[in-house]
Amino acid sequence: MRLNEIQAQFKDMILAPKNPGEAFVDIFEANDIPLSNRLDVYRNNVISGLGNALIANFPLLEKLVGRDFLSSMVHAYIIAHPPASGCLTFYGCNFDEFVAGFAPATHLPYLPDVARLEILGNQAYHAKDDEALSAQDIAAVPPEKLEYLELKCRDSVHLLQSSWPLHAIRAYCLDEKMNAPDINSGGVCLLIHRPHLDVKIVEIPADEYKFLNGLKTLRLGPAVAETIAAHPDFDFKNVLQRHMKFQLFLKPGKH
Amino acid sequence: MENQLNLSLLPCPAMMATRINHGSTLNKFPPAALPEQPVGIGLRYPHYKDVLETELELGWLEVHPENYFGGGTHRHFLSEARKKYQVSLHGVGLSLGSTEPVSGAHLQNFKELIDIFQPFNVSDHASWSASGNAHLNDLLPLPYTHETLDALCRNITRTQEFLGRKILVENPSTYVAFAENDMTEYEFMNRAAEMTGCGLLLDINNIYVQAHNHGYDAWDYIGNINPHHVGEMHLAGHSEHNAAGKTILIDTHNHPVRGEVWGLYEFAVRRFGVIPTLIEWDQDFPTLETLVAEADKARAIIRNVAKERLLHAAE
Ligand SMILES: [Fe+2]
């Protein structure tokens, strides 16, 4: 058997736990220990290694559904979506979509959004060490050009809009003594970012969300205009100062 | 519109005060020399703070580069640790033994870390993890054939050319052996080094595990490795598992180094001389003191062998 075929069948043996074919069994040397026991060492290493790595990234889900249930979702996910890279840092970035389609979890419709929150928190934690735009950088922009400024968010900045009270769910998961939140108490807009080493998760009003989301594609002037059109009370001076304090924006040119 | 914008963003002291310096991880460290003290430990998350805050008689630190491809906490701690110690980057994700070429994106990330942290050694394994669209995050076994040797050497060469430096390749622990091999594992390792100019990272515990699991002589294995190629050694603890009434050794890195493996290490030091040696521990983490005590044992063995040599020379 050629090496690429051996590797393809070995991979299938690990990911699709069925009895391997005879041709595959024959490529191994027999010894005192049955082959199935020895192949199980690899199967366990891969599945439990990936499983533990994923489970560690979803402490809120673990709190909500328990270790066993999370484990069963994670194992099904690994089989359906094995890692595509030798670096696991961002493995599981579509786990929320998988959870949304996971039949035994459909009675918990807020789970995918909680998963999304944890994914974005993890992405912020491992985001690039880029440099924040400073007040001086903005002061250096000629006033007549401010409108055309392209304010880009740093690698760690993420936005999440949910129709579930994610912030309250998170607080509940982190604090044993809190009462369970009312799941139907309405949605939330969250800003996830990392000014230096610690990840911050901040609830923001809908106009701030719209503004930051607008900056993904629009220059400063149009982003402000579009936000004011939808939210006439949008106090963009205050908001922008707050965002500068959060160090949300990327220093241009260096990256 | 323009009016509103003009007013908005004047420099304010509070903003300036919160500005932070990101320079530490972007600046390069000076090029590495071989560490003066030959024995190092694997740096893992639970020991980050202790390693920075304790004065230790440690030669160097080894990390898996894949854990530092992103920024934030991990890079920050590696940066701080690199100010105190030489480091070695020990990859687990290149999948050198795959028939497919090593990932260019992975190499690019690896190279970026090398450029910043200036490791004295760069290594990965004689094993595979990637097949098709899946990367299995384990060190999977290879048949020791000419076809495999060619595939492995292609990837080692691609890696060395991309990184612009020599790498070390580590011998694996395996739990299955292939029925049709063209050569022994030590021949396979020697040849890979001869064909590509790479060095060997000899994991003494892996040799012990292999010898037990596949029924050959660990001392003979070490006696047949060409000393010219050896650039680093690893020591770790394995665990014993019962399968169908027999014992299989698994390379779990969650125990102290076993007595027999220390014996084998002493034999290796006699054969290869003073080579940078690492204590690896990856699960069920002990205290930092326990790890350092293991490193002390390795240093004592090196010292004893050196002393013997001096005595012999004097006779
Ligand atoms: Fe090793």
Side-chain angles (χ1 to χ4, degrees), chain A residues 2-4 6-8 10-11 14-15 26-29 31-35 37-39 41-42 45-46 49-50 82-89 125-132 134-136 138-139 143-144 146-147 155-156 194-197 220-221 224-225 236-237 240-241 244-245 247, chain B residues 1-2 4-12 14-16 18-20 22 25-26 66-67 69-76 92-95 98-99 103 105-106 109 128-138 140 143 145 147-148 151 175-180 214-215 243-244 246 248 250:
Chain A
R2 298 294 304 265
L3 183 59
N4 62 346
I6 292 175
Q7 294 180 336
F10 206 104
K11 174 190 76 176
I14 287 175
L15 293 178
D26 283 346
I27 65 176
F28 299 104
E29 200 175 69
N31 72 16
D32 294 345
I33 300 173
L35 181 65
N37 291 60
R38 295 181 284 136
L39 290 176
V41 176
Y42 287 107
N45 274 353
V46 172
L50 292 173
S85 131
C87 170
L88 289 182
T89 304
Y125 181 74
H126 292 287
K128 275 197 263 216
D129 293 324
D130 47 19
E131 201 172 337
S134 70
Q136 291 94 319
I138 294 235
E144 69 278 10
L146 268 180
E147 191 174 353
D155 195 36
S156 69
R194 197 193 83 211
H196 184 35
L197 295 180
L220 182 55
V224 171
F236 93 94
K237 270 184 270 178
L240 214 45
Q241 286 224 351
M244 287 298 292
K245 220 181 257 179
Q247 309 183 59
Chain B
M1 169 89 345
E2 202 173 274
Q4 289 172 317
L5 285 167
N6 280 347
L7 290 169
S8 60
L9 288 159
L10 304 169
C12 87
M15 288 180 195
M16 285 191 252
T18 53
R19 225 188 132 196
I20 47 161
H22 290 271
T25 59
L26 299 175
E66 290 80 4
N67 295 340
F69 282 178
T73 296
H74 293 275
R75 271 240 189 155
H76 169 77
V92 288
L94 282 173
S95 191
S98 283
T99 51
S103 150
H106 200 94
N109 283 320
W128 67 279
S129 4
S131 171
N133 53 1
H135 205 112
L136 295 172
N137 187 45
D138 195 10
L140 301 172
T145 62
E147 185 197 11
T148 309
Y175 314 107
V176 294
F178 290 84
E180 282 175 36
H214 307 301
K246 305 281 175 192
I248 185 167
I250 303 185

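Throughout, protein chains are lettered first and strands after them, A, B, ... in sequence-line order, and every chain is numbered starting at 1.
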Side chains of B:V176 and A:Y42 in contact at under 4.5 Å (non-hydrogen atoms)
yes
Please look at A:A127 and chain B and tell me whether the side chain, the backbone, both or neither of the residue comes under 4.5 angstrom of a heavy atom of that chain.
backbone
CD1/A:I6 to OG/B:S131 distance, rounded to the nearest 0.5 angstrom?
11.0 Å
Residue part contacting chain B, namely of A:K11, when any heavy atom lies under 4.5 Å:
both
Using non-hydrogen atoms only, which part of B:S103 is less than 4.5 Å away from chain A: side chain, backbone, both, or neither?
neither
Would A:I14 and B:D138 satisfy side chain to side chain contact (heavy atoms under 4.5 Å, CB included), going step by step from the backbone distance to the final call?
CA-CA 11 Å; A:I14 287 175; B:D138 195 10; 5.9 Å; no
A:D32 versus chain B, the contacting section by heavy-atom distance below 4.5 Å:
both
For the pair B:H74 and A:H126, name the ring-plane relationship: parallel under 30°, tilted 30 to 60°, perpendicular over 60°.
parallel
Contact leader toward chain A among B:S98, B:S129, B:A105, where contacts are heavy-atom pairs under 4.5 Å
B:S98
Selection from A:N31, A:L35, A:D155, A:L88 maximising heavy-atom pairs under 4.5 Å formed with chain B
A:L88
A:C87 side chain reached by B:N109 side chain, heavy atoms, under 4.5 Å
no
Most heavy-atom pairs under 4.5 Å with chain A, out of B:G215, B:S95, B:A134, belong to B:A134
Min side-chain heavy-atom separation B:I248-A:N37 under 4.5 Å
no
Out of curiosity, A:S85 OG to B:N137 CG, how far, rounded to the nearest 0.5 Å?
9.5 Å
Kindly write out the residues that satisfy ring-ring contact (aromatic ring centres under 6.0 Å, His included) with A:F28, not counting sequence neighbours, or none if the list is empty.
A:F24, B:F178
Distance (rounded to the nearest 0.5 Å) between A:L197 CG and B:R75 CZ:
13.0 Å
